[in-house]
A.B. asks: 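Shown below is the structure under consideration.
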There are 2 protein chains.
Amino acid sequence: MSQPTICPKFEKAITILSQRWTALVIYQLLQGKQRFNELQSSIGISGKVLSDRLKDLEQKGLVKRDVIPDTPVVIEYSLTEKGYSMEPILRTIEDWSQNWVINED
Amino acid sequence: MSQPTICPKFEKAITILSQRWTALVIYQLLQGKQRFNELQSSIGISGKVLSDRLKDLEQKGLVKRDVIPDTPVVIEYSLTEKGYSMEPILRTIEDWSQNWVINED
DNA sequence: TCTAGTTAGTTACTTTATGTAACTTAGTTT
DNA sequence: AAACTAAGTTACATAAAGTAACTAACTAGA
């Protein structure tokens with residue numbers, strides 16, 4: 001007696017998005033390439049978790065890590081095409097938040 | 001030197017959605033009202049966490065809990081208007097997953 | 001040159017969140 | 001009475017996040 005199980009592709013998408021910080025990292029990168037410390041301070045995430053997330057997103061093909069051989073070396077993170085393809089999701093969340101989230105500061 | 005901080009309403013929306021299981025619970029309830037055990041078995045979540053999530057979503061005004069005084073009592077969970085207002089988000093994720101998630105079973 | 005500062009992380013340790021499985025309460029079927 | 005179902009709860013184990021200090025390689029300042 002199993003209910004029609006949820007689509008595995010959908011579940012996978014949800015798994016990505018419901019990992020803490022992931023959506024915010026992608027959202028920040030929609031603004032363009034950024035460096036580790038920029039992400040860290042704009043999102044307010046610890047170095048450890050940011051490092052984990054970036055590795056994870058890179059491995060999933062959503063984020064690209066570029067080493068720019070300046071001196072000193074600069075490391076830039078940016079979205080891949082797949083990463084950018086999530087923009088509509090983030091925009092829909094943005095819209096929803098404007099209409100339904102109450103400010104309570 | 002703080003980057004233009006992320007909109008608090010958006011962050012709040014992300015906080016809701018990036019809590020593990022929350023999006024799946026809402027997604028299931030888009031199909032209509034359901035009982036505790038139905039949700040549990042269709043989502044594959046433990047009773048403890050489902051119970052936590054439902055309380056949380058109720059408190060946030062996304063889910064409604066109705067006690068139907070049959071004998072024995074039946075408890076039905078359903079989305080509020082605010083809950084249903086998240087449908088576009090879930091549909092956008094659904095679309096994305098169909099186009100970008102690879103099946104690897 | 002010695003000191004302090006920056007970038008991009010990593011490590012060790014603590015706290016919080018989730019998972020597992022057994023238990024409960026009330027009513028129900030056999 | 002014995003076993004079952006619904007809707008949870010409890011206690012305990014494991015995993016994920018947070019915190020803060022540390023590192024390596026370079027740089028700017030006194």
Side-chain angles (χ1 to χ4, degrees), chain A residues 1-3 5-6 11-12 14-29 32-60 62-79, chain B residues 1-3 5-6 11-12 14-29 32-60 62-79:
Chain A
M1 195 201 274
S2 50
Q3 279 298 108
T5 180
I6 294 169
E11 276 207 64
K12 220 164 165 183
I14 289 289
T15 300
I16 295 169
L17 286 165
S18 69
Q19 183 144 51
R20 191 134 55 180
W21 301 112
T22 294
L24 284 178
V25 170
I26 295 171
Y27 184 72
Q28 275 302 301
L29 289 175
K33 60 183 175 349
Q34 278 171 72
R35 299 172 67 173
F36 192 91
N37 287 330
E38 291 180 274
L39 285 170
Q40 208 186 325
S41 62
S42 64
I43 298 176
I45 185 180
S46 74
K48 189 191 72 163
V49 179
L50 179 56
S51 173
D52 284 357
R53 286 303 173 273
L54 289 169
K55 278 178 199 156
D56 215 75
L57 288 170
E58 210 189 332
Q59 180 268 311
K60 289 188 168 76
L62 293 157
V63 163
K64 191 159 45 78
R65 178 183 189 271
D66 289 308
V67 179
I68 316 289
D70 266 4
T71 131
V73 136
V74 167
I75 292 165
E76 281 177 353
Y77 291 95
S78 55
L79 295 177
Chain B
M1 194 203 274
S2 50
Q3 279 297 111
T5 179
I6 294 170
E11 275 206 63
K12 221 163 163 185
I14 289 290
T15 300
I16 294 170
L17 286 165
S18 70
Q19 183 145 49
R20 192 134 53 179
W21 302 111
T22 293
L24 284 179
V25 170
I26 295 170
Y27 184 71
Q28 275 301 302
L29 288 175
K33 60 182 177 345
Q34 279 171 72
R35 299 172 67 173
F36 193 89
N37 287 330
E38 291 180 273
L39 285 169
Q40 208 186 325
S41 64
S42 64
I43 299 175
I45 184 179
S46 74
K48 189 189 73 161
V49 179
L50 179 56
S51 172
D52 283 358
R53 286 303 173 273
L54 288 170
K55 278 179 199 157
D56 214 75
L57 289 170
E58 210 189 331
Q59 180 269 312
K60 288 190 168 77
L62 293 157
V63 163
K64 192 159 45 80
R65 180 183 188 271
D66 290 309
V67 179
I68 316 290
D70 266 5
T71 130
V73 135
V74 167
I75 292 163
E76 281 177 352
Y77 291 95
S78 56
L79 295 177

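Predicted, not measured: the structure shown is a model, and the values here were computed from it.
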A.B. asks: Side-chain N or O of B:Tyr77 less than 4.0 angstrom from OP1 or OP2 on D:dA6?
C.D. replies: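 False: B:Tyr77 side-chain N/O out of range (4.0 Å or more) of D:dA6 OP1/OP2.
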
A.B. asks: In whole angstrom, what separates B:Asp66's CG from D:dA7's P?
C.D. replies: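 Computing the B:Asp66:CG to D:dA7:P distance gives 13 Å.
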
A.B. asks: Give the intermediate values and the outcome of side chain to side chain contact (heavy atoms under 4.5 Å, CB included) for residues B:Val63 and B:Leu79.
C.D. replies: CA-CA 4 Å; B:Val63 163; B:Leu79 295 177; 4.1 Å; yes

A.B. asks: Using the side chain to side chain contact (heavy atoms under 4.5 Å, CB included) criterion, which residues pair with B:Arg35? Sequence neighbours excluded.
C.D. replies: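 Counting only residues at least two positions away or on another chain, B:Arg35 forms a side chain to side chain contact (heavy atoms under 4.5 Å, CB included) with B:Glu38, B:Val74, B:Glu76.
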
A.B. asks: Think B:Trp21 has a side-chain N or O under 4.0 angstrom from the OP1 or OP2 of C:dG19?
C.D. replies: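 Indeed, a polar side-chain atom of B:Trp21 lies that close.
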
A.B. asks: Within the structure, does a side-chain N or O atom of A:Ser51 lie under 4.0 Å from either OP1 or OP2 of C:dT10?
C.D. replies: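 Affirmative; the distance criterion is met.
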
A.B. asks: Using side chain to side chain contact (heavy atoms under 4.5 Å, CB included) as the criterion, list what pairs up with B:Thr15, not counting sequence neighbours.
C.D. replies: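 None.
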
A.B. asks: Roughly how many Å is it from CZ in A:Phe36 to C1' in D:dA25, rounded to a whole number?
C.D. replies: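 It is 16 Å, rounded to the nearest whole Å.
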
A.B. asks: Mind jotting down which residue pairs meet the salt bridge (charged side-chain N to carboxylate O under 4.0 Å, His left out) criterion with at least one end in residues 40-53 of chain A? Sequence neighbours excluded, please.
C.D. replies: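 Listed by first then second residue: nothing to list.
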
A.B. asks: Indicate for each nucleotide in nucleotides 21-30 of chain C, in 5' to 3' sequence, whether protein heavy atoms under 4.0 Å reach the base (B), only the sugar-phosphate (S), or nothing (-).
C.D. replies: ------SS--

A.B. asks: B:Ile45 CD1 to D:dG8 C1': how many Å, rounded?
C.D. replies: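 Result: 13 Å.
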
A.B. asks: Tell me the interatomic distance from B:Leu39, atom CG, to D:dA7, atom P, rounded to whole angstroms.
C.D. replies: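 Distance, rounded to whole Å: 10 Å.
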
A.B. asks: Would you mind reading off the distance between A:Gln34 atom CD and C:dT7 atom P, rounded to a whole angstrom?
C.D. replies: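 Spelled out: CD on A:Gln34 to P on C:dT7 is 14 Å.
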
A.B. asks: Rounded to whole angstrom units, what separation is found between the CD1 atom of A:Ile75 and the P atom of D:dA24?
C.D. replies: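 Rounded to whole Å, this separation is 16 Å.
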
A.B. asks: Starting at atom CD of B:Gln40, determine the distance to atom P of C:dG19, rounded to an integer number of angstrom.
C.D. replies: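 About 12 Å, once rounded to whole Å.
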
A.B. asks: Output the single nucleotide from C:dT20, C:dT7, D:dA7 whose closest atom is nearest the side chain of B:Asn37.
C.D. replies: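 Between C:dT20, C:dT7, D:dA7, the one nearest the side chain of B:Asn37 would be D:dA7.
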
A.B. asks: Under the side chain to side chain contact (heavy atoms under 4.5 Å, CB included) rule, collect the residues that match up with A:Lys55, sequence neighbours excluded.
C.D. replies: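 Testing A:Lys55 for side chain to side chain contact (heavy atoms under 4.5 Å, CB included), a comparison that skips the adjacent residues, returns A:Ser51.
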
A.B. asks: Among all residues two or more places apart in sequence or in another chain, which pass the side chain to side chain contact (heavy atoms under 4.5 Å, CB included) test with A:Gln40?
C.D. replies: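 So A:Gln40 forms a side chain to side chain contact (heavy atoms under 4.5 Å, CB included) with A:Phe36, A:Asn37, A:Ile45, A:Leu50.
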
A.B. asks: Using OP1 and OP2 only, check whether a side-chain N or O of A:Arg20 sits under 4.0 Å from D:dA16.
C.D. replies: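 No, because none of the side-chain N or O atoms of A:Arg20 sits under 4.0 Å from OP1 or OP2 of D:dA16.
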
A.B. asks: Between D:dA7, C:dG9, C:dT18, which one does the side chain of B:Arg53 approach most closely?
C.D. replies: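 Looking only at heavy atoms from C-beta outward on B:Arg53, the closest nucleotide is C:dT18.
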
A.B. asks: For B:Asp52 and C:dT18, give me the distance from atom CG to atom C1', rounded to whole Å.
C.D. replies: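 Going from B:Asp52 (CG) to C:dT18 (C1'), I get 9 Å.
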
A.B. asks: Would you say the side-chain atoms of B:Gln28 pair up with the backbone N or O of B:Ser42, donor to acceptor, closer than 3.5 Å?
C.D. replies: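 Here the side-chain-to-backbone pair does not exist.
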
A.B. asks: Look at the side chain of B:Val49 and decide which nucleotide, out of C:dT20, C:dG19, D:dT19, has an atom nearest to it.
C.D. replies: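 Nearest to the side-chain atoms of B:Val49, counting from C-beta on, is C:dG19.
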
